[in-house]
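Residue numbers count from 1 along this sequence.
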Amino acid sequence: MNDISKLKNKKMKSILVLTLCISITSWIILIPIVNSIKIPFGSHQNGVISLASIENISPYTDYLKYIILLLTPPLIATLVLNINQKPFKKIFQVLNHRYTWIGVSGLLLLVWLINTPFNQFKISSTLIDSFHEGEFLGFLPNFLQLKQPFINTVLIHGYGVDVLPSWLAKNLATQNNGIAVTRLFVNLENVITCLGYFWILWELINLANIRKHRLKIFLLSCLLFCVFDGIFYKFDGRRGTSFIIQLALTLRFFRIAETQTNQAQWLSVLIGASIPSSFFYIYDRAIYFIAVYLFTCILSLFLPNKTKILWIKGTLIGIITASIVSLILLGFDQINAIISQVLYWGKYGRYISFIPLPTLELTWTSQNFWLSMLVQSVVLVYLLLDFKNYGFKLLPFIQSNYLIILLWVSASVYMRITLDRSDIAHAYHGALITAFLGFYLVYLGYKNIIEPQLYKFNITTLQKTFMLLILATIILTEPGFNLIKGIEKIAQLPQALSTPNEALLKPDYLEAWNTLKPEIDQQSCFYTLTSEGLWYYLFNKPSCSKYGYVLYAKPTVAQQQVIQELNETKPNILLLTNEMWYHNPWDLVLKSESAALIYQDVLKTYQPYKTVQSHWFWKRSNQPLKFTQTKLLNGSIESIPTQAIHQQDDLLIGGWSILPQQSKPADAVYLSLGENNQLIAVGQVNIARPDVVQVLSNPKLEQSGWMIRVPTAILSPGNHQMKVWSYDSKTHQLTQIGKSFNLTILD
């Protein structure tokens, strides 16, 4: 009787597990399909204007969705529980076959590469982010038109990331489609990096000495890597290419050093050669790998002599050879310029774009910052405890744990991305190598705990079904595995690549380009304070300063150099601002604050010229500004601050301004500081003020309103006298509006 009861309980548990699995899986699969159902609103004229009538969706739509989701799972469960399991066993034999795993996983990974890294920059979509996309477009004119471009260009990342894609596109594009082709090469760099991720996983599986189901574990790991991307970490794309390939080569070297000496010898030379070469691709990741390399050299001292000699000797040969070749090709001056840029970023990089870490909370956003740190801390605790188990004997401890230590050091070094640049878009790139450390620890656990007991496991058909449904659910809910979208992207690729540049630009950028191009064609260079590299590409002009991006010229020494170079090159027209790039979008710091010296020098030496929608172009002035007073009514300051503020506070002042003798709105308004009238900010006069029209009885004064955000960050604690001035472009004259006001900055 007890045996019968146990059998019933076991059967009931299996049924409950399968029922739960079917219900959850069918819901996850059905929801995207069912949720797309829309019953038309039809011709129901009940006089109610609502979202239902506007969107033409009947309110009964959700009732239908509910009924389908309610009834489908039990229907599927009933069918499954009453089906003969013999056919399922044959199906599982097919599913378990080596070629099935390779085929299905290979297809899914290929689709993911197309949908995710290859689609990071959508080839035929409108170019919206002129800052980031400008990075791989805007440096091209420098390298095509300047002698010794490495000396005259401060690259943000490095030649391989900032210039190579647009250079390839320039040489291969058959028509005016350079932006689309450049995006293609940028996305291909992403794909190469992601292939490097899969390579690292393969090396880690082999380093863990997994023998049973190695291929299946590798393919499953690749799929899970794709699934977790964007959750705990983010693929580093083209910026991580060199580091990822170097790490993969390093892992392979240590895997084969004792068994395949010839291959290991060549690998060590290749790794060594990649160290100086990687600086031509990207600066910061090249430095990261130097730190990993140096630590690996220390680790190698504790490994067998054969491995140690192969590593140190081979890498040194590679480093020396690549360095000599680089010097021959570029010359000492350009190599020295690259080194100076690396030192510049090392000294100032973290100060330029640092954002503090968020509060530790049990939220997805917070964990993107903190989870990888926790994993690294746990691994370090384990290493310290294991070191104690070895009686604090360094040699056996390192020989047993050198791969974990190597991955831990790599993960720790890579965390610089999170620590120096802590906005959410960049933070979880730093967790990437920690993910590989986690994968390796899982492999070790599998090797030591699960693999020895595999012969004991007798997985039933229901359990296999449960596991298969879980895997299917994961795959179906990962958008990167969407086969239809992947096929569509590939099918649309030829047409997308033929998209002309003009079709990819926002209308305001296209209008500004066409309007200013004839005049800027007469200049030898161009400059923009908006940190948009796109303008250099559009106008096909090198930057007038080696610091083409004002954002990266925050240090005083860099700003002074920009001022000097602008005064030497004297570009006739430059771009001061537009509706988006008057500040840094991630930290909201104004250009008039982060680049105050450059901004203020432009206010003195240039004057407002043309406004094309929001793009405000300025023209070099041959005469100094004149400061005057008037008894005529020329405007008003309506939002004068009445209390003290802090440097980090936002402060807007506004009002209206006119040129009374010309009976029109002022051409601009300036804000000055102190008795010497130091110009620190400027604003456009373009806000509708119907009240001014009504009071002054002049419809020409409609757009006389203005607004200026005060650059409080540049003001020291204490009291400051400020004035607002209306600007007349005909006389190049500033006339004070109202009276001066005092602003107190608190400590």
Side-chain angles (χ1 to χ4, degrees), residues 529 576-584 587-596 599-600 602-604 607-608 611 614 616 618 625 627-630 632-660 664-693 695-696 701-729 733-746:
L529 274 69
L576 180 74
T577 188
N578 53 32
E579 65 181 353
M580 182 174 180
W581 298 104
Y582 64 90
H583 63 10
N584 308 325
D587 58 14
L588 304 182
V589 176
L590 298 170
K591 291 291 192 293
S592 57
E593 295 173 330
S594 63
Y599 193 90
Q600 292 168 22
V602 168
L603 296 186
K604 288 191 302 182
Q607 65 185 73
T611 302
S614 71
W616 202 8
W618 282 44
L625 280 165
F627 294 86
T628 64
Q629 304 288 332
T630 184
L632 299 175
L633 179 64
N634 69 334
S636 174
I637 311 170
E638 297 174 337
S639 53
I640 297 176
T642 58
Q643 58 186 1
I645 64 171
H646 294 89
Q647 283 183 316
Q648 64 268 29
D649 292 339
D650 292 338
L651 175 62
L652 287 170
I653 61 172
W656 58 275
S657 176
I658 63 172
L659 302 176
K664 71 168 194 173
D667 295 314
V669 289
Y670 287 71
L671 178 67
S672 70
L673 174 67
E675 293 291 341
N676 295 328
N677 298 327
Q678 178 187 0
L679 300 177
I680 61 171
V682 68
Q684 292 180 287
V685 183
N686 57 5
I687 301 174
R689 291 296 301 263
D691 56 326
V692 175
V693 173
V695 171
L696 299 181
L701 306 180
E702 172 74 21
Q703 301 297 120
S704 59
W706 57 267
M707 190 76 68
I708 294 178
R709 185 175 157 190
V710 180
T712 54
I714 67 173
L715 304 177
S716 58
N719 295 319
H720 299 275
Q721 183 189 72
M722 293 189 166
K723 301 173 187 175
V724 179
W725 308 79
S726 65
Y727 174 68
D728 184 348
S729 60
Q733 186 171 284
L734 293 175
T735 305
Q736 186 174 349
I737 301 173
K739 297 181 180 180
S740 61
F741 62 91
N742 289 322
L743 177 63
T744 302
I745 301 295
L746 300 174

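Under the 4.5 Å side-chain criterion, counting only non-hydrogen atoms from C-beta, Ile745 is in contact with His720. Proximity of Arg709 to Asp650: side-chain heavy atoms (C-beta onward) are separated by under 4.5 Å at one or more points. Taking the side chain as every heavy atom from C-beta outward, Ser672 and Gln678 never approach each other to under 4.5 Å.
Remark: Gln648 CD is packed, more than 12 non-hydrogen atoms of other residues, nucleotides or ligands lying under 6.0 Å away.
In this structure, CZ in Arg689 is found 11.0 Å from CD in Gln703, a value given to the nearest 0.5 Å. The distance from atom CG of Leu743 to atom CG of Leu673, rounded to the nearest 0.5 Å, is 9.0 Å. In this structure, CG in Leu746 is found 8.5 Å from CG in Asp649, a value given to the nearest 0.5 Å. A distance of 9.5 Å separates CG in Leu576 from OG in Ser592, rounded to the nearest 0.5 Å. Note that CD1 of Ile737 is 9.0 Å distant from CH2 of Trp656, once rounded to the nearest 0.5 Å. With rounding to the nearest 0.5 angstrom, the CG atom of Leu659 is 6.0 Å from the NZ atom of Lys664.
The side-chain contact (heavy atoms from CB on, under 4.5 Å) with Val669 is formed by just one residue from the set Leu734, Val682, Val685; it is Val685. A side-chain contact (heavy atoms from CB on, under 4.5 Å) with Met722 is found for exactly one of Ile680, Asn742, Asn677, Ile637, namely Ile680. Across Asn634, Leu696, Leu701, a single residue satisfies side-chain contact (heavy atoms from CB on, under 4.5 Å) together with Pro660, and that is Asn634. Across Trp618, Tyr670, Phe627, a single residue satisfies ring-ring contact (aromatic ring centres under 6.0 Å, His included) together with Tyr727, and that is Tyr670.
In terms of modelled atom types and a separation under 3.5 Å, the side chain of Glu638 and the main chain of Gly655 share no donor-acceptor contact. Within the 3.5 Å criterion, the main-chain N or O of Pro665 finds no donor-acceptor partner in the side chain of Ser704. Of the possible donor and acceptor atoms, one in the side chain of Thr712 sits under 3.5 Å from a partner among the backbone N and O of Gln647. Thr735 places no side-chain N or O within donor-acceptor distance of the main-chain N or O of Gln629, the cut-off being under 3.5 Å.
Asp667 and Ser729 are linked by a side-chain donor-acceptor pair at a separation below 3.5 angstrom, with hydrogens and angles left out of the test.
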How far apart are the C-alpha atoms of Thr611 and Gln684, what are their side-chain angles, what is the distance that settles it, and do they pass the side chain to side chain donor-acceptor pair (under 3.5 Å) test?
-> CA-CA 9 Å; Thr611 302; Gln684 292 180 287; 3.2 Å; yes
List the steps and the verdict of side chain to side chain contact (heavy atoms under 4.5 Å, CB included) for Leu679 and Leu671.
-> CA-CA 6 Å; Leu679 300 177; Leu671 178 67; over 6 Å; no
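Ala681 and Tyr599 make their closest contact through CA-CE2, 3.9 Å (heavy atoms, listed as atom of the first residue, atom of the second, distance). Counting all heavy atoms, side chain and backbone alike, Gly654 lies closest to Met707 at CA-SD, 3.9 Å. Contact record, Ser740 with Gln721: OG-NE2, 3.8 Å, taken as the closest heavy-atom pair. Trp706 and Ile653 get closest at one heavy-atom pair: CZ3-O, 3.5 Å.
Under the side chain to side chain donor-acceptor pair (under 3.5 Å) criterion, Thr744 pairs with Asn719, not counting sequence neighbours.
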